[in-house]
Amino acid sequence: MASKKLVLIDGNSIAYRAFFALPLLNNDKGVHTNAIYGFTMILMRILEEEQPTHMLVAFDAGKTTFRHKTYSEYKGGRQKTPPELSEQFPFIHELLDVYKIPRYQLENYEADDIIGTLSKHAEKDGFDVKIISGDKDLTQLASEHVTISITKKGITEVDSYTPEFVKEKYGLTPDQIIDMKGLMGDSSDNIPGVQGIGEKTAIKLLKEYGTVENVLESLDQLKGKLKERLETHRDDAIMSKELATINRDTPITISLDDILYSGYNPQEVLPVFRELGFKTLIDKFDTGSETDEPEEIEDLPFTAAEEITDEMLVDDSIFVVEVWNENYHRSDIAGFAIINENGRFYLPYGLAMDSDPFRKWAEDEHMRKTVFDAKRSIVAMKWKGIELAGVDFDVLLASYILDASQTVEDVAGIAKMKGITGAKTDESVYSKGAKRKLPEDEILADHLVRKGEALSKLSKILEKELRENDQYELYHDLEMPLAIILGKMEAIGVKVDVNKLKEMGADLGQQLQALENKIHGLAGESFNINSPKQLGVILFEKLGLPPVKKTKTGYSTSADVLEKLADRHEIVEQILLYRQLGKLQSTYIEGLLKVVHEDTHKVHTRFNQALTQTGRLSSTDPNLQNIPIRLEEGRKIREAFVPSKEGWVIFAADYSQIELRVLAHIAQDKNLMEAFRNDMDVHTKTAMDVFHVEMDEVTSNMRRQAKAVNFGIVYGISDYGLSQSLGITRKEAAEFISRYLESFDGVKEYMDDIVRDAKQKGYVSTLLQRRRYLPEITSRNFNLRSFAERTAMNTPIQGSAADIIKKAMIDMARELEEQELQSNLLLQVHDELIFEAPPEEIEILKKLVPQVMEHAVELDVPLKVDYAYGDSWYDAK
DNA sequence: TATGTCCCCC
DNA sequence: CCTGTTGGGGACATAA
């Protein structure tokens, strides 16, 4: 027979712990939830780990207890329970109820006493007892069968107090804990103890005499101040011991039979989680329990259109455009679904595309449509000859704005987060990888209609959340219009000089062949230079070079390692060169040629607008945001990016030091603002301040180091990161940073404030109200916490810069349209915009682009934009 | 197909 | 005392 296990939880104490350990999070109803959340986390862990057969959560009742009769000042001077915590107790009670965990409180007694009494009964009946609390007082109950788990600083770590543990920690038995309290008192409960006796003295006395009473009877063996103190406070000691003693014979009205625990039903718990907005816990639940049996999906009636009718084509509809390929450029479309006040409809692709009314409706901007991934839908339709308009709400973008950390694959992914059932994942319907295929028409139709149904519910929920977070403007006035602009940029594409690329490729191929021969010759055998494993064997075993660094799979052969070995063997330099050219060949020549469209010689990148945690864009297939520039050999790749029309130019404009300007503004740092107002070289200025020298004394090395520090500030790197980039010790790097912060005290203040703010609110914000949640900022794990702290400092800077250039793109697109210019915006690379322009518009752009970009927002420092243009991207420098 | 290593950009 | 590396995309090798 399985043994009986009783878990007793000190409800008040755990709620307090959770409250103070976690940031003061709000849910979407404005209720603070941190204590509820922490409490639930602890509860879930206990249920998992202990598998109790019996369970009870005890709470304190009322303000006065029997202890107040003994000592009216008991628990006096205590801070009142913060209202932010009090308001959470009803929810904790509700949660316990749905978990079917009994809770109990008893007039005149504290939770401790209830726990003491029940554990006594249970012990007698042969139970194993586990007590959970944040209060060390309970450790007096430890025995062979009673273990007390005390939460440490956070909520995840606990100390388990067994009699052995108590012995080890204090050198006392558990029942001597109350004697210890009697002597030393307890400031948190306002138990006086004997004045002048602390933990050390108390333990010493008890090791010698055993109990408070024995100590007091043996006073004549003591002397001096100690004896004097014990004599004067004799009564205090006795009373304090009494106060600290848990009453194990309270008149409880429940028995062990009443607190049998037979588990809970996740279906009853989930709605409460949803109500509270516990996304992560919902996920844990859905995947972590056996309730994952395919939920009973209700039938969803819809009409599979055999002809397109007017009732399908009305204002305010959900519009599902099922773009088949991941890369939506020139992709097939599997079909459409429309949901509106008239019903749910599946529209087969061919039927819809042959319908004029459908085309008209799709292109009518007054026919408002809610979609998932507006840009994807618009661009895919554009390739099919339809200019989709009237896109009014994008569930993907809204979800990204609300929380970028939730990676979203499809409609079902978002639906699940928000507790909406009925939608199926794309993967479950289509399979993935090589097996991915279109299902039969009925299944496809059902899938698309279900997506639409989920979108309909989601759009309402997400819009409400955006407004509550004060993020609706960001969504509606920034990201949504930007999606349209990005779609145009992608569809226009960038012209590539294919022949130029091929020439460069042939040339590189020859150089690589020669290098390969040379390297193999130097190594004395032929091997795959691209294989770190094989290369490691050659360098560190055959040639006997010293391995500088290891990776988890073997020797590191990274560039910084090789650079250290460069003067020890001729082969190293050749390998570095081989790597550099090999990268250009495979990624930029061959990689680019693969994605150039044969007929137009254009590449059509996709900007991912809903991916990065900072608000930046990213770019794929091809990635046009990482085309080489630093080294001349690589930079030449840019010669292959040319205007799409004869005689036009590439016009590139970039913000100068936008992140540091944003930092100056956000931090309101006088020194940094002054530097930018005077248009100083900010790295030189930093060097002057960090090294305490005059402008003409700044050496190029000082400027280089100052630049690295600025880089570190902007990108949120650690002292370790800075030490790596400068090749100095971590200590020296830390010294640089602290000298920087002394000179820029506004920045220092900002850094301190933003971390504190993030801990309190759980997130940081950018200029335009973009958010990044940082739950790990309160982690006890140094790495996680440090990373979150640096993120808190960095994201408002990088994210605000991203906000600004996005705004500039919208303003710029409007200007191009209003002035009826032919120039096209082609690319955005984080702090620069790249256009193609007819020669007659160059003079206009030279004025217009900097004007628009510099005034996208008004900061307390000027924004500065540089520009250049030429026959290719290379020449726009 | 997934993971690790390396390297390009801002 | 130590811990450990901004945000991305992509190519290639290798193990599974």
Side-chain angles (χ1 to χ4, degrees), chain A residues 404-405 432-435 527-536 549-562 575-576 578-592 594-595 605-609 611-631 633-635 637-638 654-660 708 710-726 730-731 733-734 772 779-799 801-802 805 827-832:
Chain A
S405 71
K432 64 169 174 177
K435 288 203 211 85
F527 67 102
N528 185 348
I529 307 169
N530 282 321
S531 162
K533 198 175 162 186
Q534 294 180 37
L535 180 60
K549 203 165 66 174
K550 288 193 124 189
T551 66
K552 48 180 142 176
T553 48
Y555 309 109
S556 169
T557 65
S558 62
D560 60 319
V561 169
L562 297 188
I575 291 167
L576 282 166
Y578 181 88
R579 282 245 180 100
Q580 189 202 330
L581 301 185
K583 177 90 178 175
L584 294 179
Q585 180 78 307
S586 67
T587 305
Y588 296 105
I589 304 285
E590 292 168 359
L592 217 42
K594 263 186 234 167
V595 293
T605 188
R606 282 171 295 139
F607 290 104
N608 197 330
Q609 196 186 351
L611 185 129
T612 72
Q613 303 302 300
T614 55
R616 278 186 172 188
L617 302 173
S618 78
S619 156
T620 45
D621 297 322
N623 180 350
L624 295 181
Q625 291 183 319
N626 71 346
I627 303 301
I629 189 166
R630 199 170 43 91
L631 301 173
E633 296 93 318
R635 190 173 199 158
I637 300 280
R638 295 180 174 223
D654 69 294
Y655 282 109
S656 160
Q657 303 297 348
I658 186 168
E659 282 98 349
L660 290 173
N710 280 328
F711 180 86
I713 298 283
V714 165
Y715 285 109
I717 64 174
S718 60
D719 48 8
Y720 183 86
L722 181 63
S723 75
Q724 291 298 296
S725 69
L726 281 177
R730 192 181 58 77
K731 237 180 131 179
R772 183 168 187 180
S779 169
R780 260 70 58 205
N781 178 319
F782 175 89
N783 295 328
L784 295 180
R785 187 180 63 249
S786 304
F787 183 37
E789 286 172 357
R790 293 200 303 276
T791 308
M793 302 183 233
N794 158 253
T795 296
I797 304 172
Q798 207 184 116
I805 194 164
L827 298 172
Q828 186 249 49
V829 189
H830 309 308
D831 68 350
E832 62 179 326

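Each chain gets a letter, A, B and so on, in the order its sequence line appears, and its residues count up from 1. FYI, side chains are in, hydrogens and waters are out, and symmetry mates aren't considered; it's all heavy atoms of this structure.
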Roughly, in whole Å, what's the span from CZ in R785(A) to C1' in dG4(C)? 13 Å
Between atom CZ in R606(A) and atom P in dG9(C), what is the gap in whole Å? 11 Å
For N783(A) and dT3(C), give me the distance from atom CG to atom P, rounded to whole Å. 10 Å
Who passes side chain to side chain donor-acceptor pair (under 3.5 Å) against T551(A), sequence neighbours left out? T553(A)
Can a donor-acceptor pair be found, under 3.5 Å and without considering hydrogens, that links the side chain of R638(A) to the backbone of I627(A)? yes
Specify the separation, in whole Å, of atom CZ of R780(A) and atom C1' of dC2(C). 19 Å
Tell me the closest heavy-atom pair linking T605(A) and S619(A), and the distance in Å. OG1-OG, 2.8 Å
Going 5' to 3' along DNA chain B, which are the first and last nucleotides with any atom under 4.0 Å from a heavy atom of chain A? dT1(B) to dC10(B)
If you take any heavy atom closer than 4.0 Å to DNA chain C, which residues from residues 787-794 of chain A end up in contact? F787(A), R790(A)
Using only side-chain N and O atoms of T612(A), determine if any of them is under 4.0 Å from OP1 or OP2 of dG8(C). no
For dG4(C) and dT5(B), measure between their P atoms and round to the nearest Å. 15 Å
Rounded to the nearest angstrom, tell me the gap between atom CG in N608(A) and atom C1' in dG8(C). 10 Å
Looking only at atom P, what distance separates dC7(B) and dT3(C), rounded to whole Å? 24 Å
Contact pattern, 5' to 3', of nucleotides 10-16 of chain C - B, S or - by protein heavy atom under 4.0 Å: BSSSSS-
Between I713(A) and I797(A), the two heavy atoms sitting closest are O-CD1, 4.2 Å
Counterpart residues, side chain to side chain donor-acceptor pair (under 3.5 Å), relative to S556(A) (two or more places apart): S558(A)
Q625(A) vs L617(A), test: side chain to side chain contact (heavy atoms under 4.5 Å, CB included). Steps then yes/no. CA-CA 9 Å; Q625(A) 291 183 319; L617(A) 302 173; 4.1 Å; yes
Rounded to whole Å, CD1 of I717(A) lies from C1' of dG7(C) at a distance of 13 Å
Can you name the closest pair of heavy atoms from N781(A) and N783(A) and give their distance? OD1-N, 2.8 Å
If I take atom CG from residue L631(A) and atom CD1 from residue I637(A), how far apart are they, to the nearest 0.5 angstrom? 12.0 Å
With rounding to the closest Å, how many angstrom separate the P atoms on dT5(C) and dG4(B)? 14 Å
From CZ of R730(A) over to P of dC2(C), roughly how many Å is that when rounded to an integer? 7 Å
DNA chain B: stems of at least 3 consecutive Watson-Crick or G-U pairs, cut-off 3.5 Å? B:1-9 with C:7-15
Nearest non-hydrogen partners of R635(A) and I629(A), listed with the distance: CD-O, 3.5 Å
For the student: nearest non-hydrogen atoms of A801(A) and E659(A), plus distance: CB-CG, 4.2 Å
Residue closer to the 5' end of DNA chain C, S618(A) versus K549(A) (nearest nucleotide): K549(A)
Integer-rounded Å distance: dT5(C) P and F711(A) CZ: 16 Å
